[in-house]
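Please read the structure below before turning to the comments.
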Amino acid sequence: MLTRRIIPCFDVDRGRVVKGVSFVELRDAGDPVELARLYDREGADELVFLDITASSDDRATVYDMVAATADQVFIPFTVGGGIRSATDMKVMLELGADKVSINTSAVQNPDLINEGAYRFGSQCIVVAVDARAVPGKPGQWEVFVHGGRTPTGLDAVAWSKDAVARGAGELLVTSMDTDGHLKGYDIAMLRAISEAVTVPVVASGGAGGPQHMVEALTEGKADAVLAASIFHFGTYSIREVKDHLAAAGLPVRPVRAQAEGHA
Amino acid sequence: MDGPVVIIDYGAGNLRSVARAVAKVDSTPVVSADPADIDRAGALILPGVGAAADTMSNLESRGLVDPVREYIAAGRPFLGVCMGLQALLDWSEEGDGQDCLGVVPGEVRHFPKDAGLKIPHMGWNTVDWLYDHPVTEGIASGSYFYFVHSFYPVLDDQSYALGMTEYGVAFPSVLAFENVVATQFHPEKSSDDGLRFYGNFIRWARSEDFPLVHPTFATLAGR
């Protein structure tokens with residue numbers, strides 16, 4: 001049976017993982033390759049790297065990181081951030097990324113989704129949708145870009161459907177309302193989007209524990225859940241999350257017996 | 001078989017990932033679009049993601065269709081991955097319909113669209129072995145592998161199936177006969193069991209157990 005995916009996400013600045021990752025056994029907690037290998041051993045189903053490098057002068061650092069990760073990690077990984085053209089996509093995919101995630105650039109130039117899907121296949125084009133609830137209008141969410149700073153006027157459900165019609169193979173849906181609060185995903189938004197599209201939906205923003213993930217995967221109808229801090233800070237291991245999901249009756253890929261937990 | 005592991009370079013998106021996985025379990029493979037390299041291969045891997053029409057037109061434009069067919073017909077070790085599996089069948093319904101290599105009788109169909117399935121079939125799913133094969137050595141039946149695809153193979157002759165997976169329909173996720181193995185999943189993205197699969201294939205290609213003569217294949221004679 002197809003399992004639900006658990007996806008740790010890393011913010012990467014100039015080729016280094018930032019936002020503090022606390023693993024006692026890591027010699028270098030900022031090394032993306034070492035972290036990726038650790039999460040592979042722990043049973044992560046995929047990885048997402050979000051490049052937040054501000055300066056285009058430092059672009060080569062993320063290229064090196066993607067190539068080094070692909071050399072040593074044999075689970076799928078997605079790279080997002082700073083991808084503005086089909087050429088940018090091609091570079092990332094050729095370096096070894098399995099998928100590229102586009103967000104602001106997709107809103108500014110929706111044809112980029114079509115072009116990416118046509119040239120590289122829908123399976124590697126992820127459209128990231130960042131959205132907020134519209135005040136006073138329950139059941140409506142507005143798409144934001146530029147890391148959640150800029151409103152677009154786009155309805156999140158309509159934009160999700162458009163992105164899929166253009167060839168997106170997966171949606172990474174983040175609630176800007178719940179992100180960072182560790183109080184759970186925006187279940188209503190996830191459900192509205194997941195029911196509106198035919199491609200897999202990855203839930204993002206707000207995971208504080210495994211029960212939030214169960215809610216996203218059941219009531220929210222998501223196909224995968226992404227989280228950052230609860231894994232990086234060691235609040236929960238991937239094994240603990242998977243055990244919890246399995247106990248809730250959700251199919252998960254078992255973690256190998258020899259995998260080590262982390263502090 | 002003597003000779004290097006050769007990965008066919010026709011612009012497939014997962015080419016480098018496959019090469020990295022082979023390098024991890026064996027040695028650096030030859031990545032080439034040169035029929036002379038196919039001719040000297042000890043084992044040949046056809047990778048692939050994306051669309052069937054692109055795959056076949058890229059193979060044709062590089063003059064690789066006949067060399068690949070001849071290599072397989074000569075009974076030499078061959079592994080197809082993802083689109084490299086689908087390319088082995090007679091025909092795919094992808095796009096406007098696409099003739100494929102016709103090595104395995106059957107066709108490639110889209111997953112049912114009205115069954116409430118998310119498409120592509122993306123993620124880790126189980127593979128159940130139908131029998132023991134050198135490539136399954138040390139990999140339990142029911143192990144998890146990583147899939148990304150919207151189309152799946154439908155065999156005319158079920159004896160070509162080595163592994164089965166379920167996603168809305170039960171489909172053969174691993175094909176095998178004599179000198180050929182093919183996977184719908186991506187071993188290069190399937191962590192330890194995926195690497196083991198590549199290692200098993202390469203070891204088998206070089207071993208005295210190659211090609212496999214299995215009772216299952218009796219019905220395939222004459223193809």
Side-chain angles (χ1 to χ4, degrees), chain A residues 1-7 37 39-41 43-46 66-77 89-90 93-99 117-124 126 164 168-171 194-195 197-202 221-224 251-256 258-259, chain B residues 11-25 48-52 54-55 82-83 94 111 113-126 128 140 142-151 165-168 185-198:
Chain A
M1 183 186 271
L2 182 66
T3 56
R4 303 295 206 276
R5 288 171 281 153
I6 310 299
I7 308 176
R37 292 174 64 174
Y39 277 119
D40 175 14
R41 285 201 303 279
D45 295 313
E46 288 187 32
V66 171
T69 303
D71 273 338
Q72 299 201 40
V73 180
F74 296 94
I75 59 174
F77 69 96
M89 292 176 175
K90 184 167 191 282
L93 296 169
E94 288 193 343
L95 285 167
D98 297 285
K99 308 181 214 177
Y118 177 77
R119 288 183 56 183
F120 313 116
S122 287
Q123 80 287 338
C124 64
V126 180
V164 171
E170 186 169 70
L171 299 179
S194 192
E195 286 182 340
V197 300
T198 53
V199 302
V201 168
V202 182
K221 298 200 167 183
D223 301 280
V252 291
R253 179 175 69 111
V255 179
R256 286 178 173 277
Q258 67 268 28
Chain B
N14 62 339
L15 174 74
R16 284 175 181 75
S17 297
V18 173
R20 284 173 161 123
V22 169
K24 181 86 175 174
V25 298
V49 292
D54 289 347
T55 298
C82 193
M83 184 52 69
E94 188 169 3
F111 280 112
K113 283 179 179 162
D114 301 321
L117 292 174
K118 290 298 180 78
I119 296 170
H121 172 218
M122 184 186 285
W124 297 80
N125 203 334
T126 47
D128 293 322
S143 291
Y144 291 81
F145 291 91
Y146 190 82
F147 290 81
V148 186
H149 61 124
S150 302
F151 294 78
T165 294
E166 172 129 17
Y167 189 63
F185 56 78
H186 289 276
E188 70 279 6
K189 290 294 161 184
S190 298
S191 198
D192 296 350
D193 282 336
L195 293 176
R196 188 183 299 268
F197 192 95
Y198 278 122

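Worth saying up front: this structure is predicted, and the values here are computed from it rather than measured. Letters A, B, ... mirror the listed sequences (proteins, then strands); counts begin at 1.
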Tell me, for [X] versus chain B, whether the close heavy atoms (under 4.5 Å) come from the side chain, the backbone, both or neither.
X	value
Val164(A)	neither
Ala97(A)	neither
Arg5(A)	side chain
Asp45(A)	both
Lys99(A)	side chain

(request) Against chain B, work out which of Gly121(A), Pro251(A), Pro76(A) has the most heavy-atom pairs shorter than 4.5 Å and name it. (result)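 Result: the option with the highest number of such pairs is Pro76(A).
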
(message) If you count heavy-atom pairs within less than 4.5 Å of chain B, which of Asp98(A), Asp40(A), Leu95(A) leads?
(response)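 The answer is Asp98(A).
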
(message) A side-chain contact here means heavy atoms from C-beta on lying under 4.5 Å apart; do Tyr144(B) and Pro254(A) qualify?
(response)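 Yes - at least one pair of side-chain heavy atoms lies under 4.5 Å apart.
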
(message) Among residues at least two apart in sequence or on other chains, which ones pass side chain to side chain contact (heavy atoms under 4.5 Å, CB included) with Leu93(A)?
(response)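 Side chain to side chain contact (heavy atoms under 4.5 Å, CB included) list for Leu93(A), sorted by chain: Val100(A), Phe120(A), Cys124(A).
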
(request) Could you tell me which residues satisfy side chain to side chain contact (heavy atoms under 4.5 Å, CB included) with Val25(B), sequence neighbours excluded, listed by chain and number? (result)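 If we apply the side chain to side chain contact (heavy atoms under 4.5 Å, CB included) test to Val25(B), skipping adjacent residues, the hits are Leu195(B), Tyr198(B), Ile202(B).
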
What's the shortest heavy-atom distance between [X] and [Y], and which atoms?
X	Y	result
Lys189(B)	Val73(A)	NZ-O, 4.2 Å
Gly169(A)	Pro120(B)	O-CD, 3.6 Å
Pro200(A)	Met122(B)	CG-CB, 4.1 Å

Working to the nearest 0.5 angstrom, can you tell me the gap between [X] [atom1] and [Y] [atom2]?
X	Y	atom1	atom2	value
Glu94(A)	Leu15(B)	CD	CG	9.5 Å
His149(B)	Gln123(A)	NE2	CD	11.5 Å
Asp54(B)	Tyr118(A)	CG	OH	6.5 Å
Thr198(A)	Asp114(B)	OG1	CG	11.0 Å
Gln72(A)	Lys24(B)	CD	NZ	6.0 Å

For chain A, which of [options] has the most heavy-atom pairs under 4.5 Å?
options	value
Tyr167(B), Tyr146(B), Trp124(B)	Trp124(B)
Ala21(B), Pro187(B), Ser17(B), Ala23(B)	Ala21(B)
Gly123(B), Ala19(B), Gly116(B)	Gly123(B)

Name the region of [X], side chain, backbone, both or neither, that has any atom closer than 4.5 Å to a heavy atom of chain A.
X	answer
Leu117(B)	backbone
His186(B)	neither
Ser191(B)	both
Asp193(B)	both

(message) Testing the 3.5 Å rule here: is there a donor-acceptor pair between the side chains of Lys118(B) and Ser194(A)?
(response)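 Ser194(A) and Lys118(B) do have a side-chain donor-acceptor pair below 3.5 Å.
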
(message) How about CZ on Arg196(B), more than 12 heavy atoms from neighbouring residues, nucleotides or ligands closer than 6.0 Å, or not?
(response)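 No, the 6.0 Å shell around CZ holds no more than 12 heavy atoms from other groups.
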
